[in-house]
Amino acid sequence: MTLGKSITKAVIPAAGMGTRFLPATKAMPKEMLPVVDRPAIQYVVEEAARAGLDDILMITGRSKRALEDHFDREPGLERALELKGDTERLAAIHEASELGPIHYVRQGEAKGLGHAVLCASQHVGDDPFAVLLGDDLIDEAEDLLTTMMEVQQKTGGSVIALIEVDPAQISAYGCADVSAIDGEDFVRVKSLVEKPSVSEAPSNLAVIGRYVLHPSVFGVLETTEPGRGGEIQLTDALQTLAAGEGEGSGVYGVVFKGRRYDTGDKLSYLKAVITMASERVEFGEELKVWMKAFVS
Ligand code: UTP
């Protein structure tokens, strides 16, 4: 019985091709795009660490070496900063390499998010685990992941995060049909569909990049055929778990109301940069004054 096993593992898929952000992502992973002064992926790893997940597995692929280098030590740079006495920047580069050991596995070919998650099966084994998409940023003030882990522990199933979107935008997301559960602030997911057309969509609840999954998802993914876009879709495997019965089945949703950005999307990326920059103590106020003048 998996129910109650504590969750320590986070899987961070970062092997996608990032076509929406071309040409910037031709030779550079989209997860390395800077949000103010840190690459997007660093916020994601920090979020996992804050939630107490100390075993991190990143799914990477070709052209993704920068990701591994970023979380590694860089003795040459460290020595240069030490010689200059630049303790502030030294501390800043240490932040990334001190986030704990990060493991890596390569997804030989970008066959979809479901396939990327399946690449984690050997590392994860038989415990529930979190999945954080490497290009999805959740406001630091929120404890979405912790809430989702609690729901997983309570239900023993898999948990997804949902946001309400404008119905016209639903075809850019996985979409969930849900029902309320008496006395609970999370919902039961009745069915899921990946990127439905506006007329097919069962709701305006969109799946975002945080999951806490029961390990039975691996068995399902092994037999999940390529779906939308010819990719093995995690949404399709979750649909199977939502419709199934017995241990490990059942999918639940936490509806998230806070701020979230998809840094793989140009407009959402720009919003993330502007919002987070305007909140920085060093230059936030000055930036806001400049933005007011710029807009007017
Ligand atoms: P996206 O659909 O946002 O990634 O996948 P993508 O395919 O890179 O994006 P576009 O549409 O081409 O711009 C969500 C997450 O899943 C990872 C991505 O790196 C991203 O973090 N992913 C996706 C993989 O790791 N492997 C895949 O085969 C596909």
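Remember, predicted model here, so these are calculated numbers, not experimental data. Numbers here simply count residues along the sequence, with the first being 1. For ligands, and for the atoms within them, numbers begin at 1 and follow the listed sequence.
For a threshold of 3.5 Å applied to N or O pairs, the pair formed by Ala15 and ligand 1 contains at least one separation below that value. Note: an N/O pair closer than 3.5 Å links Gly112 and ligand 1 by distance alone. Remark: ligand 1 and Thr19 share an N or O pair separated by less than 3.5 Å (distance only, no angle test). Considering backbone and side-chain N/O atoms, Leu133 never comes within less than 3.5 Å of an N/O atom of ligand 1. Checking only distances, Leu113 never comes within under 3.5 Å of ligand 1, N or O to N or O.
In terms of protein heavy-atom proximity, atom 3 (O) of ligand 1 is nearest to Arg20 NH2, 2.9 Å. Ranking protein heavy atoms by distance to atom 7 (O) of ligand 1, first place goes to Met17 N, 3.9 Å. What sits closest to atom 4 (O) of ligand 1 on the protein, heavy atoms only, is Lys30 NZ, 3.0 Å. In terms of protein heavy atoms, atom 26 (N) of ligand 1 is closest to Gln107 OE1, 2.7 Å.
Remark: ligand 1 atoms within the under-4.0 Å shell around heavy atoms of Lys111 are 28 (O). The atoms of ligand 1 that sit less than 4.0 Å from any heavy atom of Gly134 are 21 (O). Of all atoms in ligand 1, numbered sequentially from 1 with element shown, those under 4.0 Å from a heavy atom of Glu31 are 19 (O), 21 (O). Interface atoms of ligand 1 facing Ala116, defined by a heavy-atom separation under 4.0 Å, are 24 (C), 25 (O), 26 (N).
Taking the six-membered ring for Trp and the full ring otherwise, the centers of Tyr269 and Tyr261 sit at least 6.0 Å from each other.
A salt bridge links Glu47 to Arg210: at least one charged side-chain nitrogen sits closer than 4.0 Å to a carboxylate oxygen. Between Asp262 and Arg20 a salt bridge is recorded (basic side-chain N to carboxylate O distance below 4.0 Å).
The nearest non-hydrogen atom to atom 21 (O) of ligand 1, considering only Gly209, Pro13, Ala40, Gly16, comes from Pro13.
Within the structure, salt bridge (Lys or Arg N to Asp or Glu O under 4.0 Å) contacts touching residues 34-46 (residues at least two apart or in different chains) are Asp37-Arg280, Arg38-Glu46, Arg38-Glu140.
In Lys271, the NZ atom is not crowded: 12 or fewer heavy atoms of neighbouring residues, nucleotides or ligands sit closer than 6.0 Å.
For the residue pair Tyr43 / Thr263, no side-chain donor-acceptor distance below 3.5 Å is found, with atom types taken as modelled. Side-chain polar atoms of His115 and Gln107 form a donor-acceptor pair below 3.5 angstrom.
Of the candidates Asp139, Asp136, Asp135, Arg260 forms a salt bridge (Lys or Arg N to Asp or Glu O under 4.0 Å) with just one, namely Asp136. Looking at Glu98, His94, Glu78 one by one, the single match for side chain to side chain donor-acceptor pair (under 3.5 Å) with Arg73 turns out to be Glu78.
Residue contact annotation: Gly18 has a non-hydrogen atom under 4.0 Å from ligand 1. Residue-ligand proximity: Glu231 is placed with every non-hydrogen atom at 4.0 Å or more from ligand 1.
By the 30° and 60° cut-offs, the orientation of the rings of Phe129 relative to Phe218 is parallel.
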